[in-house]
Engineer: 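A single structure is presented below for examination.
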2 protein chains.
Amino acid sequence: MRARATVPGAAVDGLRERVPPSRPVTDGGRRRRAGAAPLTRESLVDATIRIADTEGSAAVTMRRLGTELGVDPTAVYRHFRDKQALLQAAADWLVAGVFDGWTPRGDWADDLRTFILHARRRYLEHPGLLVLVASSSGPVQSEASATDRVLGMLRSGGLDVEDAVRGFEVLQDWLVAVTVLDASPQAESQEPWRRSFAALPAAEVPHLAEAAPLLYEDLDARFRFGLDLIIDGLDRRRGP
Amino acid sequence: MRARATVPGAAVDGLRERVPPSRPVTDGGRRRRAGAAPLTRESLVDATIRIADTEGSAAVTMRRLGTELGVDPTAVYRHFRDKQALLQAAADWLVAGVFDGWTPRGDWADDLRTFILHARRRYLEHPGLLVLVASSSGPVQSEASATDRVLGMLRSGGLDVEDAVRGFEVLQDWLVAVTVLDASPQAESQEPWRRSFAALPAAEVPHLAEAAPLLYEDLDARFRFGLDLIIDGLDRRRGP
DNA sequence: ACCTGAACACCGTTCAAGT
DNA sequence: ACCTGAACACCGTTCAAGT
């Protein structure tokens with residue numbers, strides 16, 4: 001899935017300025033420290049995003065953060081209650097920038113469609129981070145304004161409040177839930193599925209045999225097909 | 001979410017007969033062993049399901065399996081290559097029984113709808129197991145015949161092969177991806193979202209303020225709303 | 001053929017001690 | 001006020017040794 005390609009440097013857009021390269025202080029074999037950039041919530045979130053993007057979310061450990069920032073692993077607890085709180089902050093960064101680079105064109109259905117696809121693209125650029133959004137135990141801070149904006153699009157299309165809410169929830173589920181799966185390392189290749197299905201006895205699974213060459217071809221096309229079904233369905237529910 | 005309620009005993013339906021209660025051999029303080037039930041792939045999968053259902057997937061560890069079955073933790077490696085292979089076997093059990101207790105009534109759209117809801121109910125009864133299906137790196141064995149059957153429903157409705165395949169993929173994504181999120185421990189309560197959104201300044205997020213009382217009310221209603229949008233959309237694509 | 005037990009290389013987190 | 005370092009209670013997995 002080529003959408004997995006990581007845009008270099010993009011990981012820290014919208015975050016504070018990145019810490020300057022921290023001239024190698026060479027304070028006698030020790031890591032860095034001693035006058036180096038101070039440990040902050042920002043530098044920790046920055047490092048979390050960088051590690052998750054380049055090595056996957058599993059690589060984000062307290063010890064890894066420590067060596068990355070030249071600090072004792074347990075120093076993280078001075079800035080975040082626990083690991084979960086740090087990951088939540090990283091998830092918040094991901095959601096906060098979800099409108100960056102997207103401009104509405106005025107047609108509610110078209111805006112909805114391009115925005116969801118835009119958000120999906122951003123999420124796929126940070127596969128290691130997305131799962132944290134989906135599994136966070138409360139709304140990340142920046143979720144409120146994003147929710148408000150999407151609800152606004154649905155209302156402007158003529159949906160009543162009830163349908164707008166339900167439409168929002170379905171679109172959010174489709175975007176987040178499906179993209180989480182698409183961004184997981186296992187989704188990288190659909191080959192195992194296709195090969196295994198192609199090798200089945202056609203007599204026992206006739207419909208599958210017929211469909212096998214078409215199955216699991218393009219994750220993005222699949223996502224768009226479902227998205228269009230949903231938006232078309234909402235379109236037919238609009239008031240007069 | 002009441003759907004989380006675990007049906008007692010249901011965890012092992014369809015699996016080999018359960019091991020008899022294994023009369024307490026009391027072989028001198030040691031766990032059991034010494035004439036007790038032998039360790040098999042079945043007893044390991046059985047224990048995995050039981051532990052995941054009652055204590056969550058995180059509780060499934062090699063050491064926990066060892067004490068559960070009265071055996072050294074590393075004995076598992078005699079029957080499964082690694083932990084991932086054991087979890088895959090448990091996921092396979094979940095998918096294998098997905099048609100149990102469901103009967104088609106002959107109308108393709110209605111059958112599709114009731115089947116998907118039936119599958120969702122089964123998955124929600126085993127929240128700790130479902131995530132393993134979604135994240136497995138290849139098709140679980142029993143997936144082929146299930147895929148064949150669902151494709152058959154779509155074809156019988158008059159969809160051509162291309163639309164049937166795309167429809168199947170969208171329905172699968174909707175079922176698995178959304179239900180994985182709904183079954184995650186964090187989804188247990190929607191309260192944090194509702195409370196946090198209700199407390200926002202209405203002037204800044206007018207649409208959200210208006211919608212807040214309706215948001216995140218019922219995960220199942222939300223799922224059905226999306227499912228109906230998808231099935232209705234497919235219905236309109238049928239041939240003459 | 002199957003199981004044991006020690007060992008290895010990891011985790012997140014706590015807490016007393018340093019500066 | 002912030003960081004260190006040892007320690008605790010865990011992980012999955014390997015491998016030589018037992019039976």
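Every value quoted in this text rests on a predicted model; they were computed, and no experiment measured them. By convention in this document, chain letters (A, B, ...) are assigned in the order of the sequence lines, proteins followed by strands, and residues within each chain are numbered from 1. All heavy atoms count here, side chains included; hydrogens, waters and symmetry mates do not.
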Engineer: Quick one: list whatever passes side chain to side chain contact (heavy atoms under 4.5 Å, CB included) with A/Ala202, sequence neighbours left out.
Structural biologist: A/Ala209
Engineer: Does the side chain of A/His79 get closer than 4.0 angstrom to OP1 or OP2 of D/dC2 through an N or O atom?
Structural biologist: no
Engineer: Whether B/Asp182 and B/Arg120 form a salt bridge (side-chain N of Lys/Arg under 4.0 Å from carboxylate O of Asp/Glu) is what I want to check.
Structural biologist: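 Yes.
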Engineer: At under 4.0 Å between heavy atoms, how does the protein contact nucleotides 13-19 of chain C? Give one character per nucleotide, 5' to 3', with B, S or -.
Structural biologist: BB-----
Engineer: Atom CG of A/Leu69 and atom C1' of D/dC2: how far apart are they, to the nearest Å?
Structural biologist: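 My rounded result for the distance is 15 Å.
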Engineer: Kindly say whether A/Pro73 contributes a backbone atom to a donor-acceptor pair with the side chain of A/Arg63 at under 3.5 angstrom?
Structural biologist: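 Not a single qualifying donor-acceptor pair exists.
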Engineer: Salt-bridged, A/Arg222 to A/Asp218, with N to O below 4.0 Å?
Structural biologist: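 A/Asp218 and A/Arg222: not salt-bridged.
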Engineer: Say whether, by atom type as modelled, one donor and one acceptor occur between the side chain of A/Asp82 and the main chain of A/Ala85 under 3.5 angstrom.
Structural biologist: yes
Engineer: Which value, rounded to the nearest 0.5 Å, describes the distance between B/Met62 atom CE and B/Phe80 atom CZ?
Structural biologist: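 Output value for this atom pair is 9.5 Å.
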Engineer: How about A/Glu217: does its CD atom have over 12 heavy atoms from other parts shown lying under 6.0 Å from it?
Structural biologist: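 Atom CD in A/Glu217 is crowded, with more than 12 foreign heavy atoms closer than 6.0 Å.
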Engineer: Give the rounded distance in Å between these two atoms: CG of B/Leu87 and C1' of D/dG12.
Structural biologist: 12 Å
Engineer: Grab the CZ-P distance between B/Arg41 and C/dC3 for me, whole Å please.
Structural biologist: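 Rounded to the whole Å, the gap is 13 Å.
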Engineer: Take the angle between the ring planes of A/His126 and A/Trp93 and call it parallel below 30°, perpendicular above 60°, tilted in between.
Structural biologist: perpendicular
Engineer: Anything below 3.5 Å on both distances counts as a pair; with that, list the stems of at least three consecutive Watson-Crick or G-U pairs involving DNA chain D.
Structural biologist: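 C:4-8 with D:12-16, C:12-16 with D:4-8 - these are the stems of 3 or more pairs that involve DNA chain D.
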